[in-house]
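Here is the structure we will look at, set down as structure tokens.
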Amino acid sequence: MKVYVAIKRVIDPYVKVRVKSDGSGVETANVKMAMNPFCEIAVEEAIRLREAGQVDEVVVISAGEAACQEQLRAALALGADRAIHIECDGVIEPLSVAKLLAALAKQDQPDLVILGKQSIDTDNNQVAQMLSALLGYPQGTFASRVTLEGDGVTIGGKRAVTVTREVDGGLETLQLALPAVLSTDLRLNDPRYASLPNIMKAKKKPLDVLTPEALGVTIKHHQEVIEIMAPKPRSGGVKVGSVAELVDKLKHSAKVI
């Protein structure tokens, strides 16, 4: 059984994000980059499934510039078996990412595709849903628990996966026929740290480089960013002496009532 895990290169979540002086984007030059935290959870879940003997191979995939290979090697150090880098220049929109993953999945036929539910830079939360639609696979988004069922539990003669997902009203449990697309939520697991021996081993694991053209996908841009601006600095709070004064400030200063 083969599992695909899609990962994304983002600014390290512990780095303060700065907007470029021309407002065209955020500053990435000389900024520490890392694997998207939700993608780390996806990698961890795939490795746990393999360690449990339910998965034979874990393949990590990333689309983007050549620097993405740094995060792919990090995923290999965590325990993934091989990596695929789809080399693209510039910003890639979610639909293009979904098309690239779909084209690769149609060639390689993975049994399960796991993604982080969203990236911490754009927060779109779109790729998993788009990929499911393009492939015609069932989807289980915002997964907080994933269980691969044994041969005795099938749907339409296909092996099943049970997904507990977090929804507004609580928890929802789904049984999906494989192949399927899953997206991970925060409470699914706690990602491990890579050990030094595994970091050294990751340098020798296979990493294939592909292009969108090799997959038959044309990268198109459907959106244009007009301007990016930093939020206004928050003003300090004030103490009030009475409820009447509080109501007055909420009406006339804050203008929220």
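For clarity, every value in this text was computed on a predicted model and none was experimentally measured. When reading the values below, keep in mind they use all heavy atoms of this one structure, side chains included, and skip hydrogens, waters and symmetry mates.
- By the side chain to side chain donor-acceptor pair (under 3.5 Å) test, E40 pairs with no residue at all, sequence neighbours left out.
- Taking the side-chain contact (heavy atoms from CB on, under 4.5 Å) definition, one finds that V225 meets it with I228, sequence neighbours left out.
- Of the charged side-chain nitrogens involved, at least one lies within less than 4.0 Å of a carboxylate oxygen, so that D185 and K117 count as a salt-bridged pair.
- Under a 4.5 Å side-chain heavy-atom cut-off, the cluster of Ile, Leu, Val, Met, Phe, Trp and Tyr residues that includes M229 has no other member.
- Every residue was checked against the side chain to side chain donor-acceptor pair (under 3.5 Å) condition with K20, not counting sequence neighbours, and none meets it.
- Residue pairs meeting the side chain to side chain donor-acceptor pair (under 3.5 Å) criterion with at least one member in residues 50-61, sequence neighbours excluded: R50-D81, E51-R192, E57-R82.
- Here I61 sits in one hydrophobic cluster together with Y4, V59, I84, I86, I92, V97, L100, L101, L104, V113, L115, V127, L131, L135, Y137, V181, L210, L215, V217, I219; the rule is ILVMFWY side chains under 4.5 Å apart, joined directly or through other members.
- Listed by first then second residue, pairs satisfying side chain to side chain donor-acceptor pair (under 3.5 Å) with a partner in residues 216-229 read E93-H222, not counting sequence neighbours.
- Using a 4.5 Å cut-off between side-chain heavy atoms of Ile, Leu, Val, Met, Phe, Trp and Tyr, V240 falls into a hydrophobic cluster with V243, L246, V247, L250, V256, I257.
- With sequence neighbours excluded, the residues satisfying side-chain contact (heavy atoms from CB on, under 4.5 Å) with A77 are A194, I199, A202.
- Note that CG of D12 and CG of N36 are 11.0 Å apart. Values are rounded to the nearest 0.5 Å.
- For E245, there are no side chain to side chain donor-acceptor pair (under 3.5 Å) partners, not counting sequence neighbours.
- Grouped by direct or indirect side-chain proximity (heavy atoms under 4.5 Å, Ile/Leu/Val/Met/Phe/Trp/Tyr only), I226 sits alone.
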Side-chain donor/acceptor pairs under 3.5 Å, residues 166-175, sequence neighbours excluded:
{"unit_1": "E166", "atom_1": "OE1", "unit_2": "R187", "atom_2": "NE", "d": "3.2"}
{"unit_1": "E166", "atom_1": "OE1", "unit_2": "R187", "atom_2": "NH2", "d": "2.8"}
{"unit_1": "E166", "atom_1": "OE2", "unit_2": "R187", "atom_2": "NE", "d": "2.7"}
{"unit_1": "E172", "atom_1": "OE1", "unit_2": "R165", "atom_2": "NH1", "d": "2.7"}
{"unit_1": "Q175", "atom_1": "NE2", "unit_2": "T162", "atom_2": "OG1", "d": "3.3"}

